[in-house]
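A short worksheet on the structure shown next.
Positions are given from 1, in the same order as the sequence printed here. Scope of the values below: all heavy atoms of this structure, side chains included, with no hydrogens, waters or symmetry mates.
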Amino acid sequence: MNNKQFPVLVSIFVLSVSMLISCVGFIQTGGEKLEPPLYIMGQGKISADKMAGFLRQNNPAVNAANALMMARLYIEEAAFEGVNHDIAFVQMCLETGYLKFGGDVKPEQNNFAGLGAIGGGEPGLSFPSARIGVRAQIQHLKAYGSEAPLNGELVNPRFRFVRRGIAPTYEGLAGTWAADRQYGVKLKAMLERLYNF
């Protein structure tokens, strides 16, 4: 092989590897290459099994049954209000440290998005069950992402404090839902991890 052929062969090899990686991603998602969503309102794409696996990979202390239950709650509650369950689920993972908690909010509060927890030891809201806690989070996301009315009965007492439709994308939650200006960046990174899980 002469020196002129080597760069061509390297280019062909790199192209072949890139195509192989793309094909593997295409096959793993059932023929559809998934891209993380941007808009809060919409339909999620990740299955309950995949969401549960992602949660358990990051927190092995969550047993398989509970991880699957949480994933299904997010899918069901988000679908009812037209919210993208992928975004809601990763927000829960970010806010609770994959259900490890450890901050002002305690697990028994069923508050999966820090609703009302403003720091300084303020624990925020409590909800009677995991389902109602997920529903409250979904309702809050809908308040940020849309001006449409709720489909279900209001369970989130902080819903009325949100200027409706102020953040149609998860990027808009930075500085609105959370004071953290990197909040949207963190959500995006976690969404990408979930989509590549």
Side-chain angles (χ1 to χ4, degrees), residues 18-103 105-115 127-142 144-146 151-152 155-156 169-171 173 177 183-197:
S18 299
M19 289 175 64
L20 179 61
I21 290 169
S22 295
C23 287
V24 168
F26 186 77
I27 292 165
Q28 286 177 336
T29 58
E32 178 185 4
K33 180 120 172 52
L34 297 179
E35 292 293 330
L38 179 61
Y39 290 94
I40 289 169
M41 302 305 293
Q43 187 173 4
K45 296 182 179 180
I46 303 300
S47 70
D49 287 338
K50 189 170 180 178
M51 290 161 64
F54 180 75
L55 178 58
R56 294 196 71 227
Q57 181 188 57
N58 290 282
N59 182 3
V62 178
N63 70 45
N66 285 341
L68 191 57
M69 177 203 71
M70 286 299 292
R72 288 176 175 160
L73 287 179
Y74 273 91
I75 291 171
E76 291 166 10
E77 294 295 329
F80 188 68
E81 292 294 348
V83 169
N84 188 303
H85 69 252
D86 301 340
I87 292 173
F89 185 78
V90 298
Q91 184 183 40
M92 174 275 291
C93 292
L94 177 62
E95 289 277 352
T96 67
Y98 301 96
L99 295 180
K100 294 173 190 168
F101 291 91
V105 181
K106 305 303 179 208
E108 59 271 16
Q109 290 177 244
N110 294 307
N111 183 346
F112 304 110
L115 296 173
F127 300 98
S129 68
R131 180 176 290 279
I132 299 301
V134 171
R135 186 174 297 168
Q137 178 191 350
I138 297 295
Q139 290 180 350
H140 216 63
L141 278 170
K142 186 169 185 176
Y144 276 87
S146 169
N151 295 325
V155 300
N156 177 358
T169 69
Y170 67 78
E171 293 169 335
L173 298 176
W177 183 297
Y183 194 72
V185 173
K186 292 173 183 176
L187 287 173
K188 180 180 182 182
M190 199 168 279
L191 275 166
E192 288 174 346
R193 286 182 54 216
L194 175 62
Y195 273 56
N196 290 312
F197 175 70

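- The two residues Ala78 and His85 have their closest heavy-atom pair at CB-CB, 3.6 Å.
- For the atom pair CG of Asn59 and CG of Asn66, the computed distance is 11.0 Å after rounding to the nearest 0.5 Å.
- Atom CD of Gln57 sits in a crowded spot, with more than 12 heavy atoms from other residues, nucleotides or ligands closer than 6.0 Å.
- Within 6.0 Å of OH in Tyr39 there are 12 or fewer heavy atoms belonging to other residues, nucleotides or ligands.
- Judged purely by atom type and a 3.5 angstrom limit, Glu81 uses its side chain to pair as donor or acceptor with the backbone of Gly152.
- A ring pair (Phe, Tyr, Trp, His ring centres under 6.0 Å) check over residues 52-71, counting only residues at least two apart or in different chains, returns the pairs Phe54-Tyr98, Phe54-Phe197.
- Among residues at least two apart or in separate chains, there is no salt bridge (charged side-chain N to carboxylate O under 4.0 Å, His left out) pair with a member in residues 53-70.
- One finds the CG atom of Leu38 at 7.0 Å from the CD1 atom of Ile87 (value rounded to the nearest 0.5 Å).
- Taken to the nearest 0.5 Å, the CG atom of Leu94 stands 5.5 Å off from the OH atom of Tyr183.
- By the 4.5 Å heavy-atom criterion applied to side chains, Arg193 and Asn58 are counted as neighbours.
- Distance CG/Asn110 to OG/Ser129: 6.0 Å, rounded to 0.5 Å.
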Which donor-acceptor pairs under 3.5 Å do the side chains of residues 67-76 make with protein atoms, sequence neighbours left out?
from: Tyr74; atom 1: OH; to: Gln137; atom 2: OE1; distance (Å): 2.5
from: Glu76; atom 1: OE1; to: Arg131; atom 2: NH1; distance (Å): 3.2
from: Glu76; atom 1: OE1; to: Arg131; atom 2: NH2; distance (Å): 2.7

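- Among residues two or more places apart in sequence or in another chain, the salt bridge (Lys or Arg N to Asp or Glu O under 4.0 Å) test is passed with Lys186 by Asp180.
- You'll find the side chain of Met92 reaches within 4.5 Å of the side chain of Leu99, heavy atoms only.
- Applying the side chain to side chain donor-acceptor pair (under 3.5 Å) test to Tyr144 and every residue at least two apart in sequence or in another chain returns nothing.
- The CZ atom of Phe101 lies 7.5 Å from the CG atom of Asn111; values are rounded to the nearest 0.5 Å.
- For the side-chain contact (heavy atoms from CB on, under 4.5 Å) test, residues two or more places apart in sequence or in another chain that qualify with Asp86 are Pro37, Lys45, Ile46, Asn84, Leu191, Tyr195.
- Contact of the Trp177 side chain with the Gln91 side chain is registered, since non-hydrogen atoms from C-beta on lie closer than 4.5 Å.
- Note that CD of Glu77 is 12.5 Å distant from CG of Leu141, once rounded to the nearest 0.5 Å.
- Tyr170 has its side chain out of reach of Met190: every pair of non-hydrogen atoms, C-beta onward, lies at least 4.5 Å apart.
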